[in-house]
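Working notes, beginning with the structure itself.
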Amino acid sequence: MISPKTKTTVYKIGNFAGQEVVIQGWLSNSRSSGSVHFLTIRDGTGFIQGVVAKNEVTPETFQTANTLGQESAVEVSGIVREEKRAPGGYELTIKDLKQIGPSENYPITPKEHGIDFLMEHRHLWFRSQRQQAILKIRHEIIRAIRDYLDSQGFVLVDAPILTPSACEGTTNLFEVQYFEDKAYLTQSGQLYMEAAAMALGKVYCFGPTFRAEKSKTRRHLTEFWMVEPEMAFCHLEDSLQVQEGLVSFIVSRVLENRKKDLEFLKRDTTKLEKITSPFPRISYDESLEILKKKGLNPIWGNDFGGTDETILTEQFEKPVFVTHFPMACKAFYMKQDPVRPELAVCADLLAPEGYGEIIGGGQREEDLELLKNRMERMKMEKEPYQWYLDLRRFGSVPHGGFGLGIERTVSWICGLEHVREAIPFARTLYRIYP
RNA sequence: UCUGGCGUAGCUCAAUGGUGGAGCAUCCGGCUGUUAACCGGAGGGUUGCUAGUUCGAGUCUAGCCGCCAGAGCCA
């Protein structure tokens, strides 16, 4: 074992210029020029090139450097040296090298690979620099969400994953055996958050949600993460201000703390720098006018398709709120507009650059009779929802909230082609391995 | 579920209906500044599966399987 005193990480290596340090990591790539081996070592905090020269190390160490396979686990000891040619500014002149865990025939070579192969090897793929950058940005986004909501006085209330019935439809739920009964994996914690908001005022849940939809697009996963804030004594405009505050805070924190990762992903950060409060608001009716001017033929009452969203968001540099959708395309709990009952008091937030809907939200129907009537019209069973109707029987207040999709947000901020890269282990229609 | 596309070496891809190849990876050799290093050599194949057309099928036809992109639905 090499002395643990000088152990450090690639991230902190600049503090040790001229000194001998120990790095523990993996060999991500190697090259050789005969008497000099160049080993690219990664340790989770960064990548650094180690140089092993034949006349500076023992023959055994030199031979080890020559035979290490890609992704071998190693412990190296070497002198930190400033090096203008190195991408990180520093190199390691290796003095000693130990193989901790061997690796032979690593499947992901330094050449291009197809997406199916990479997804099949997801457990190894995210050792790559690109995937590490995405995972770090995802972490920063989640941290920013919690920091922001916590600082605004929200209380985290965990919603159940196993639920007795559907929040919305029933066809797109994963059914599981629950002892003698059937249960479903949650598709939203929102109804539970309404209960929590009546106890604590401002709450949010953060967890996985599940949709058994047979969707096969770059924006869909069957298991994805959502943050769902819910607020009592809240009108639509209050909720929109929380949303634009949250989203602009997320973007600014990623720009502040993960600039290098964004650069590695070749993300155009000038577009992200424009994401500041407030965001534009247009009504559903206005959005149809915009689509008509662009030569499309939208039908009033229908939800947007992917093309509609792309064209709409191209009109704005910031995310845009589309408010007051027709009741017909929204869930039973949405509050209907008192002036125009065919509309819901709701808003979706569409991300720029064609990334589509990242938030859906609105005010909830707080009137017991209106809610019961609507459930009857939609032929819903009322028995499983008695607890939910209780919220309207005992001190009902105007309230609302929203759900922000984590993977779509990560995908937008990172500039990804597909949400499957925005989550560590993606679950899609045809993939549940690894 | 629907529409379109693809399936050839471990990986990424070539191959007019007529002897299945290249680059990378692997193994061997060379090189003291490489950056997806480079140079020389070697091994590596039930062309997704089944049936059919044909003197002859990786190539054409049908069915099935797998994957990709999009639609619907949604965050």
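Just so it is clear: chains get the letters A, B, ... in the order the sequence lines come, proteins before strands, and each one is counted from 1.
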Aromatic contact, A/Tyr385 with A/Phe332 (centres under 6.0 Å)
yes

List the residues meeting side chain to side chain donor-acceptor pair (under 3.5 Å) with A/Lys271, not counting sequence neighbours, and say none if there are none.
none

Which residues satisfy the salt bridge (charged side-chain N to carboxylate O under 4.0 Å, His left out) test with A/Glu417, sequence neighbours excluded?
A/Arg218

Using side chain to side chain donor-acceptor pair (under 3.5 Å) as the criterion, list what pairs up with A/Arg85, not counting sequence neighbours.
A/Glu83

Distance check needed: B/rC74 P versus A/Arg211 CZ, whole Å only.
9 Å

Inter-nucleotide P distance (B/rU3, B/rC64), Å rounded:
12 Å

With A/Asp261 via salt bridge (charged side-chain N to carboxylate O under 4.0 Å, His left out) - residues at least two apart:
A/Arg258

Is the ring centre of A/Tyr433 less than 6.0 Å from the ring centre of A/Phe425?
no

Neighbour count >12 (heavy atoms, 6.0 Å) for atom CZ, A/Phe174
yes

Figure out the OH/C1' separation between A/Tyr355 and B/rC74, and round it to whole Å.
18 Å

Rounded off to whole Å, could you give me the CZ-to-C1' distance for the A/Phe304 and B/rG72 pair?
16 Å

What's the CD-C1' distance between A/Gln70 and B/rC11, to the nearest Å?
12 Å

Taking only the C1' atom of each, what is the distance from B/rA15 to B/rG52 in whole angstrom?
24 Å

Spacing of the P atoms in B/rA75 and B/rC38 (rounded, Å)
48 Å

Protein-nucleotides 65-68 of chain B N/O pairs closer than 3.5 Å?
| from | atom 1 | to | atom 2 | distance (Å) |
| --- | --- | --- | --- | --- |
| B/rC67 | OP1 | A/Tyr430 | O | 3.1 |
| B/rC68 | N4 | A/Lys216 | NZ | 3.4 |

Whole-angstrom distance between B/rA37 and B/rG10, as gauged at atom C1':
22 Å

A/Arg219 side-chain proximity, nearest of B/rG70, B/rA75, B/rA71:
B/rA71

Minimum-distance nucleotide (side-chain atoms of A/Arg218 versus B/rA75, B/rG70, B/rC73):
B/rG70

Please state how far atom CZ in A/Phe402 lies from atom C1' in B/rC74, giving the value in whole angstrom units.
18 Å

Under the 3.5 Å rule, do the base of B/rC74 and the side chain of A/His220 count as making a donor-acceptor pair?
yes

Determine which pairs satisfy salt bridge (charged side-chain N to carboxylate O under 4.0 Å, His left out) with at least one residue from residues 219-232 of chain A, sequence neighbours left out, and list them in order.
A/Glu230-A/Arg364

Along RNA chain B (nearest heavy atom to each residue), the more 5'-positioned of A/Leu429 and A/Glu223
A/Leu429

Under 3.5 Å, which protein N or O atoms sit close to an N or O of nucleotides 32-41 of chain B? Give each pair with its distance.
| from | atom 1 | to | atom 2 | distance (Å) |
| --- | --- | --- | --- | --- |
| B/rU32 | OP2 | A/Ser35 | OG | 3.1 |
| B/rU32 | O4 | A/Asn55 | ND2 | 2.5 |
| B/rG33 | O2' | A/Arg85 | NH1 | 3.1 |
| B/rG33 | N1 | A/Glu91 | OE1 | 3.1 |
| B/rG33 | N2 | A/Glu91 | OE1 | 3.0 |
| B/rG33 | N2 | A/Glu91 | OE2 | 2.4 |
| B/rU34 | O2' | A/Arg31 | NE | 3.3 |
| B/rU34 | O2 | A/Arg31 | NE | 2.7 |
| B/rU34 | O2 | A/Arg31 | NH2 | 3.3 |
| B/rU34 | O2 | A/Gln49 | OE1 | 3.1 |
| B/rU34 | N3 | A/Gln49 | OE1 | 3.1 |
| B/rU34 | N3 | A/Gln49 | NE2 | 2.5 |
| B/rU34 | O4 | A/Gln49 | NE2 | 2.8 |
| B/rU34 | O4 | A/Glu91 | OE2 | 3.2 |
| B/rU35 | O4' | A/Arg31 | NE | 3.4 |
| B/rA36 | N3 | A/Pro110 | O | 2.5 |
| B/rA37 | OP1 | A/Asn29 | ND2 | 3.4 |
| B/rA37 | OP2 | A/Asn29 | ND2 | 2.2 |
| B/rA37 | OP2 | A/Arg31 | NH1 | 2.8 |
| B/rA37 | N7 | A/Ser32 | O | 3.2 |
| B/rA37 | N6 | A/Ser32 | O | 2.5 |

Partner residues of A/Glu20 under the salt bridge (charged side-chain N to carboxylate O under 4.0 Å, His left out) criterion, sequence neighbours left out
none

So A/Ile406, base contact, sugar-phosphate only, or nothing? Heavy-atom distance under 4.0 Å.
nothing

Which pairs of donor and acceptor atoms, one on a side chain in residues 234-242 of chain A, lie under 3.5 Å apart (sequence neighbours left out)?
| from | atom 1 | to | atom 2 | distance (Å) |
| --- | --- | --- | --- | --- |
| A/Glu237 | OE1 | A/Arg281 | NE | 3.2 |
| A/Glu237 | OE2 | A/Gln241 | NE2 | 3.1 |
| A/Glu237 | OE2 | A/Arg281 | NH2 | 3.0 |
| A/Asp238 | OD2 | A/His235 | N | 2.8 |
| A/Ser239 | OG | A/Gln243 | NE2 | 2.9 |

Only pairs at least two apart or in different chains count here, so list each ring pair (Phe, Tyr, Trp, His ring centres under 6.0 Å) that has a residue in residues 44-93 of chain A.
A/His37-A/Phe62

If we take the C1' atom in both B/rC24 and B/rA14, what is their distance in whole Å?
15 Å

Would you kindly give the CG-to-P distance between A/Asn105 and B/rG43, to the nearest whole Å?
18 Å

Can you identify which nucleotide, out of B/rG70, B/rC74, B/rC24, has its nearest atom closest to the A/Arg408 side chain?
B/rC74

For B/rC55 versus B/rG17, give the span between their C1' atoms, rounded off to a whole number of Å.
12 Å

Using the C1' atom on both, measure B/rA57 against B/rA51 and round to a whole Å.
13 Å

More than 12 heavy atoms of other residues, nucleotides or ligands under 6.0 Å from CG of A/Asn297: is that the case?
no

Would you indicate what A/Phe224 reaches in the nucleic acid, counting non-hydrogen atoms under 4.0 angstrom: base, sugar-phosphate, or nothing?
base

With C1' as the reference atom in both, quote the distance from B/rG58 to B/rG4 in angstrom, rounded to an integer.
23 Å

A/Glu309 atom CD is separated from B/rA75 atom P, nearest whole Å, by 10 Å

Give each stem of RNA chain B as a range with a range, requiring at least 3 consecutive Watson-Crick or G-U wobble pairs whose two distances are under 3.5 Å.
B:1-7 with B:65-71, B:10-13 with B:21-24, B:26-30 with B:38-42, B:48-52 with B:60-64

Checking A/Glu263 now: which residues fulfil salt bridge (charged side-chain N to carboxylate O under 4.0 Å, His left out) with it, not counting sequence neighbours?
none

Atom-pair distance (NE2 on A/His113; P on B/rC13), nearest Å:
11 Å

